[in-house]
Amino acid sequence: MADLSLTFPDGSVRKFPVGTTPAQVAASISKSLEKAAISATVGGQHWDLAWPIPMDATISINTMKDDEPALELIRHDLAHIMARAVQELWPDVKVTIGPVIENGWYYDFARDEPFTPDDLGAIEKKMKEIINLRDPVRTEVWSRQDAIDFYEKAGEPFKVELVNAIPDDGQPIRMYWHGDWQDLCRGPHLQHTGQVPSDAFKLMSVAGAYWRGDHRNQQLQRIYGVAFKNREALKAHLTMLEEAAKRDHRKLGREMDLFHMQEEAPGQVFWHPNGWSIYTTLQDYMRRKQRAGGYVEINTPQVVNRSLWEKSGHWANYRENMFIVEVDEEHAREKTINALKPMNCPCHVQVYNQGLKSYRDLPLRMAEFGSCNRYEPSGALHGIMRVRGFTQDDAHIFCREDQIETECARFIEFLSSVYSDLGFDDFEIMFATRPEKRVGTEESWDRMEAALENAIKATGRSYTLDPGEGAFYAPKLDFKLTDAIGRVWQCGTFQVDPNLPERLDATYIGEDGAKHRPYMLHRACLGSFERFIGILIENWAGKLPLWLAPRQVVVASIVSDADDYVQEITRKLTDAGLRAEADVRNEKINYKVREHSLTKVPVILAIGQREVAERTVSLRRLGDTRTRTLALDEVVSMLRTEALPPDLAADRA
RNA sequence: GCUGCCGUAGCUCAGUGGUAGAGCACUCCCUUGGUAAGGGAGAGGUCGACAGUUCAAUCCUGUCCGGCAGCACCA
């Protein structure tokens with residue numbers, strides 16, 4: 001028999017007969033490794049212990065100590081165990097697919113009656129029984145036809161479809177069993193069901209999901225589970241989920257009295273004074289930044305006749321998602337049909353088109369805090385993060401092709417400065433290149449892509465390639481930031497657009513005296529104020545930095561003899577530009593501290609007899625139980641400096 | 001939009017085929033208390049909307065509206 005050369009992680013090479021399995025390799029190394037082995041990594045691929053190795057490769061044997069393969073196997077096998085549990089409880093349920101996902105797995109079932117939360121408990125119980133059976137796992141490679149015949153006979157139509165969908169590229173069709181239960185699965189797997197920890201998984205929820213992700217297909221019932229290596233890790237995960245729930249901007253929005261939403265205006269925000277303070281503070285900041293960044297600010301109409309949307313192409317593509325406004329105009333023969341603007345670009349081209357533009361006017365950076373409305377599907381709405389009425393920090397840069405690169409680099413620096421001011425020190429750039437269906441010449445695509453790539457390089461940043469994900473007319477960049485609990489949000493965007501200037505006939509007079517077509521660069525940092533404020537709230541868990549906090553300082557009296565002094569302090573703080581309020585209610589200081597802490601006021605100044613006598617204040621920071629006693633004037637000037645927005649603070653320094 | 005769950009006081013939630021309850025918040029009174037809930041009293045609800053079944057519906061049924069989770073969507 002021919003030899004097989006296997007290279008181990010330490011670099012050593014050993015020969016084995018062709019067809020040796022990782023299990024045999026492990027056994028040849030040591031008795032203990034043979035027992036501890038759960039899978040192998042062969043030539044970079046996750047490999048079942050029982051699969052023969054066909055050719056020379058690198059190999060490492062995995063044990064439960066190797067987190068990544070161990071969790072993969074545990075979650076994967078739990079998906080099978082759950083499917084078996086479901087079919088044992090309800091034999092008429094059809095199985096479909098059940099992949100491993102972040103933190104766990106899901107499995108989609110076809111069943112007429114919905115699963116209830118009680119069912120989840122029953123399924124979990126049954127899963128534990130199956131785990132305790134320690135049934136060995138067995139896999140076999142079958143021919144396509146045998147697998148199809150098998151599933152047709154078993155009455156598993158989805159599996160038949162899956163087998164048919166497996167590409168005919170020599171990929172084996174693997175049949176999987178534990179006990180009498182069977183599934184279609186490419187593996188790899190653990191060796192028996194007892195290797196799965198019975199106390200480190202939990203079924204989380206059941207929800208609808210379309211067969212193969214297509215909304216025209218039958219809707220299945222998806223059960224989600226999470227699993228870890230041990231009970232402690234599961235507990236830690238569940239605790240993390242509770243933490244995330246505590247940050248929910250909808251909950252904090254209510255507790256901090258920032259905004260509300262109601263039935264009459266679904267997907268639209270009623271901003272309360274506190275929330276509007278965050279909004280305007282952020283907008284003021286962006287306005288200053290943009291002005292400094294060479295933008296002019298404009299404002300354009302909300303309600304615009306359909307003819308413009310027809311010209312821009314939005315009417316054809318997004319009519320379903322637009323709010324339509326019909327008006328009976330006295331002199332018109334029929335109703336005038338308008339749409340609330342779903343985006344600002346067509347209006348910006350109208351402003352650009354006023355008067356003749358010279359090449360000397362370019363690049364023209366035109367910004368608008370553009371209020372847009374989109375009729376989003378009801379199921380997509382989510383607090384203030386996904387809404388039907390929102391305002392973008394939108395801008396369009398009109399420029400020549402040779403200016404794209406500089407403008408792009410300039411924008412990346414701009415965005416980077418904004419993100420770091422707002423507490424997000426790092427972001428990722430996604431570079432979306434030409435899609436399969438596209439317009440324009442290859443040369444033009446080459447130039448546009450090169451411009452973006454060179455711009456990124458000029459800033460010294462790296463990027464992730466997103467091939468084929470560009471718009472049909474040009475490439476784009478998306479910017480993703482990571483929040484305090486590791487969630488990734490796509491907010492910023494930079495998109496080249498030769499299309500809309502064409503459609504709306506934007507031109508400029510070049511050096512040659514002839515008319516030319518400008519490029520339009522769509523760009524945003526925050527995306528929408530609504531969504532970004534949601535992200536800020538969740539990122540900071542409501543404890544916004546002082547300059548953004550709606551209520552910056554509460555001056556609380558301890559005894560009513562201090563009331564006059566409390567009012568004086570509050571006035572001084574307010575005069576210094578701080579958002580300060582007095583709390584002279586007939587409540588104990590404990591009560592006041594608790595209440596203002598719960599509503600995330602960053603600074604509480606407590607004032608009793610002593611402070612009155614000494615003209616000092618006792619300062620307490622949110623989240624800190626210590627207090628400091630400071631002179632009044634000192635506190636005012638300290639807080640005034642601290643409350644400066646980052647761009648103004650930088651100017652000062 | 002689809003599937004499932006949900007809608008009772010400002011908030012969080014009990015509850016019942018005979019028109020409703022708690023805690024917190026609110027108002028008033030007592031209390032002047034030193035850094036995360038002092039005490040007492042009071043007020044507060046078309047039980048999401050509309051239809052149907054019933055002698056009687058907040059409760060049962062249907063339709064609609066809205067919310068939540070996931071899916072689909074996100075110019």
Side-chain angles (χ1 to χ4, degrees), chain A residues 101 106 108 111 113-117 119 204-224 245 248 250-251 254-255 257 260-267 309 312-322 341-346 372 374-383 385-388 390 392 471-473 476 490 493 495 497 499-500 522 527-528 531 554 556-563 584-599 604-611 618-629:
Chain A
I101 53 173
Y106 67 76
D108 288 348
R111 181 190 184 217
E113 308 84 65
F115 290 109
T116 66
D119 291 340
M204 302 299 284
S205 62
V206 49
Y210 300 105
W211 167 235
R212 317 195 85 188
D214 189 326
H215 69 279
R216 291 164 301 194
N217 287 343
Q218 178 182 348
Q219 191 153 31
L220 306 168
Q221 294 188 60
R222 175 172 298 179
I223 301 179
Y224 284 89
D248 191 312
R250 294 166 298 188
K251 180 173 174 287
R254 201 165 37 239
E255 289 170 0
D257 194 15
H260 85 273
M261 310 181 83
Q262 65 184 53
E263 278 195 40
E264 288 83 351
W309 307 115
S312 71
H314 291 99
W315 194 261
N317 293 317
Y318 296 104
R319 186 170 144 53
E320 300 286 283
N321 297 304
M322 290 202 251
K341 70 173 168 188
M343 55 188 339
N344 307 300
C345 8
C372 298
R374 296 179 185 173
Y375 188 76
E376 301 283 5
S378 58
L381 302 178
H382 179 83
M385 302 262 222
R386 186 81 184 269
V387 286
R388 289 179 177 161
F390 57 94
Q392 294 173 315
F472 71 88
Y473 46 78
K476 64 169 178 177
Q490 194 241 298
T493 186
Q495 191 168 332
D497 183 2
N499 181 54
L500 200 59
H522 308 254
S528 95
R531 178 160 174 271
V554 168
S557 59
I558 297 170
V559 293
S560 39
D561 284 346
D563 288 0
V584 293
R585 291 174 302 169
N586 176 15
E587 297 291 353
K588 291 196 171 181
I589 192 64
N590 285 318
Y591 183 93
K592 294 181 183 179
V593 166
R594 174 181 158 82
E595 191 179 275
H596 302 310
S597 299
L598 286 173
T599 50
I604 299 172
L605 302 181
I607 310 299
Q609 305 278 15
R610 209 161 56 229
E611 287 76 12
S618 162
L619 181 146
R620 178 184 168 126
R621 302 264 179 183
L622 179 58
D624 197 346
T625 51
R626 294 167 305 175
T627 62
R628 281 167 71 199
T629 301

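The sequence lines fix the lettering, A, B, ..., with proteins before strands; numbering per chain opens at 1. This one's a predicted model, so the numbers in the text were calculated from it and none came from an experiment.
Applying the 3.5 Å distance criterion, the base of B/U32 shares a donor-acceptor pair with the side chain of A/S560.
Atom P of B/A49 sits at a distance of 13 Å from the matching atom of B/G10, rounded to the whole Å. Using C1' as the reference atom, B/G18 and B/C26 are 32 Å apart when rounded to the nearest Å.
Nucleic acid contact for A/Q262: none, since no nucleic acid atom lies under 4.0 Å from a heavy atom of the residue. A/E611 comes within 4.0 angstrom of a nucleotide base, judged by non-hydrogen atoms across all strands. The residue A/I604 sits apart from the nucleic acid: no heavy atom pair falls under 4.0 Å. As judged by a 4.0 angstrom heavy-atom cut-off over every strand, A/N317 is placed among residues making no nucleic acid contact.
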Review point. What is the per-nucleotide protein-contact pattern of nucleotides 69-75 of chain B, from the 5' end, where B denotes a base atom under 4.0 Å from a protein heavy atom, S denotes such proximity for sugar-phosphate atoms only, and - denotes neither?
Key: SBBBBBB
Study note, to complete from the structure: For nucleotides 5-15 of chain B, 5' to 3', base contacts (B), sugar-phosphate-only contacts (S) and non-contacts (-) with protein non-hydrogen atoms under 4.0 Å give --B---SS---
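Taking every side-chain heavy atom of A/V559 into account, B/U32 is the closest of B/U32, B/G38, B/A36.
Nearer the 5' end of RNA chain B, as judged by each residue's closest nucleotide, is the contact made by A/I558, out of A/S597 and A/I558. Nearest-nucleotide assignment on RNA chain B puts the 5′-proximal partner with A/D561, out of A/N590 and A/D561.
A salt bridge links A/R626 with A/D624: the distance from a Lys NZ or Arg NE/NH1/NH2 to an Asp or Glu carboxylate oxygen falls below 4.0 Å.
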